[in-house]
Amino acid sequence: MSNPQAYPQDAVLSLRGVTRTYDTAQGGLTVLKGVDLDVMPGQLIGLIGPSGSGKSSLLHAAGLLERPTTGQVVIEGRDVGALDEDARTRLRLNHIGFVYQFHHLLPEFDARDNVALPLRIAGVKAAEAQARASDLLAALGLADRASHQPAQMSGGEQQRVAIARALANRPRLLLADEPTGNLDPATSQAVFEALRTLVRDTGVAALIATHNMELAGHMDRVFALKDGHLEERPAESHAY
């Protein structure tokens, strides 16, 4: 891109020239070397690459969990680089949802309460939070599991609850780090289909890191992280 400041005005997430260097005993280790990326509303972007390639570092920069060493992170047209930590936290809570490989559900809460928790933290009244949680669980095919605790659900059900929780606050950006990594192939496909449907229905922009090449093949675009750079892969070839 000739102008590193330019980005689509309707993009939910834009990264421009993002680098990330970590201090190690052996010196600086650079895992991101000038990453540019745009994610649009309702779009699923796949991020592939071997372990240690920088996928999680890219997600952490995009999700305001870490600051990039250099470069721009733009959320809905706003360059967040100058924001203090309190402002970054508010933006993260209100505009970004996270799904991880491990569901991190609270074991003492049932599915509905786990999904409602982010809403309650945001100050939403209990009845409204519970109704929103019930709607999301129903959309993910879990209406009959709303009162079950995590230990009473399968791995796929637990992960769908985690997806519902990530979308509870109606974020504009969804970041997922190996969201089906602990699931068998059939369950992975079911969870991904549920996620894809919700992305389409809600218009959230989704950036999904995965090792699952079959799932990557069903995303709108796929990028591979290689030697710190993003390379887009054609739809028919999503291997690295």
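None of these values were measured; they are calculated from a predicted model. In what follows, residues are counted from 1 in the order of the sequence shown.
- Between Glu85 and Arg67, at least one side-chain nitrogen of the basic residue sits less than 4.0 Å from a carboxylate oxygen of the acidic one, meeting the salt-bridge criterion.
- In this structure the side chain of Val161 never reaches within 4.5 angstrom of the side chain of Arg145, judged on heavy atoms.
- When all heavy atoms of Gly54 and Leu32 are compared, the closest pair comes out as O-CD2, 3.8 Å.
- Residue-environment remark: CG (Asp84) exceeds the threshold of 12 foreign heavy atoms within 6.0 Å.
- In this structure, Glu214 places its CD atom where only 12 or fewer heavy-atom neighbours from other residues, nucleotides or ligands lie under 6.0 Å away.
- Contact check for Thr30 versus Thr69: no side-chain heavy atoms found under the 4.5 Å cut-off.
- Of the residues Leu15, Val12, Leu58, the one that meets the side-chain contact (heavy atoms from CB on, under 4.5 Å) test with Leu207 is Leu58.
- Of the possible donor and acceptor atoms, none in the side chain of His211 sits under 3.5 Å from a partner among the backbone N and O of Glu178.
- Side-chain atoms of Asn114 come within 3.5 Å of backbone N or O of Leu106 as a donor-acceptor pair.
- Note that CG of Leu195 and CD1 of Ile163 are 4.5 Å apart. Values are rounded to the nearest 0.5 Å.
- The pair Asp113-Arg165 fails the salt-bridge criterion, with no side-chain N (NZ, NE, NH1 or NH2) lying under 4.0 Å from an Asp/Glu carboxylate O.
- Geometrically, Arg196 does not engage Phe192 in a cation-pi contact, judged by NZ or CZ lying under 6.0 Å from the ring centre and within 45° of the ring axis.
- Nearest heavy-atom pair across Pro171 and Val204 is O-CG2, 3.5 Å.
- Side chain of Gln152 to backbone of Gln149: a donor-acceptor contact under 3.5 angstrom is found.
- A salt bridge between Lys226 and Glu231 is absent, with no side-chain N of the basic residue lying under 4.0 Å from a carboxylate O of the acidic one.
- In terms of hydrophobic clustering, with Ile, Leu, Val, Met, Phe, Trp and Tyr side chains grouped at heavy-atom distances under 4.5 Å, Leu64 and Ile121 are assigned to different clusters.
- Closest approach of Ile75 to Ala62, counting heavy atoms only: CD1-O, 3.9 Å.
- Residues Thr19 and Thr70 are in side-chain contact: their nearest non-hydrogen atoms beyond the backbone lie under 4.5 Å apart.
- Looking only at side-chain heavy atoms (C-beta outward), Met40 and Arg221 stay at 4.5 Å or farther from each other.
- Residues Ile45 and Val222 have side chains not in contact (no heavy-atom distance under 4.5 Å, counting atoms from C-beta outward).
- By the 30° and 60° cut-offs, the orientation of the rings of Tyr100 relative to His104 is perpendicular.
- The side-chain heavy atoms of Gln158 and Leu142, taken from C-beta on, include no pair separated by under 4.5 Å.
- By the criterion of side-chain heavy atoms lying less than 4.5 angstrom apart, applied directly or through intervening Ile, Leu, Val, Met, Phe, Trp or Tyr residues, Leu65 is grouped together with Leu91 in one hydrophobic cluster.
- A heavy-atom distance below 4.5 Å is not found between the side chains of Asp36 and Leu230.
- Across all their heavy atoms, Ile48 and Ala216 have their closest contact at CG2-CB, 4.2 Å.
- At a threshold of 4.5 Å between side-chain heavy atoms, the hydrophobic network of Ile, Leu, Val, Met, Phe, Trp and Tyr places Leu119 and Leu105 in two separate groups.
- No donor-acceptor pair closer than 3.5 Å links the side chain of Arg20 to the backbone N or O of Ser57.
- The side-chain heavy atoms of Arg92 and Thr89, taken from C-beta on, include a pair separated by under 4.5 Å.
- The hydrophobic cluster containing Val18 also contains Leu29, counting ILVMFWY residues as joined when their side-chain heavy atoms lie under 4.5 angstrom apart, directly or transitively.
- Across Thr187 and Gly156, no two heavy atoms sit closer than the pair CG2-CA, 3.4 Å.
- Gln72 and Asp79 form a side-chain donor-acceptor contact under 3.5 Å, judged by distance and modelled atom types alone.
- Counting only N and O atoms by type, the side chains of Arg170 and Thr202 include no donor and acceptor under 3.5 Å apart.
- Val124 and Leu136 are not part of a single hydrophobic cluster, where members link through side-chain heavy atoms under 4.5 Å apart.
- Side chain of Asp220 to main chain of Leu44: a donor-acceptor pair is present (N/O by atom type, distance under 3.5 Å, no hydrogens or angles).
- Checking side-chain atoms of Gln43 against main-chain N and O of Ala205 turns up no donor-acceptor pair under 3.5 Å.
- Of the possible polar contacts, none joining the Arg172 side chain to the Ile96 backbone as a donor-acceptor pair under 3.5 Å is found.
- Nearest heavy atoms, Leu225 versus Lys55: CD1-N, 3.5 Å.
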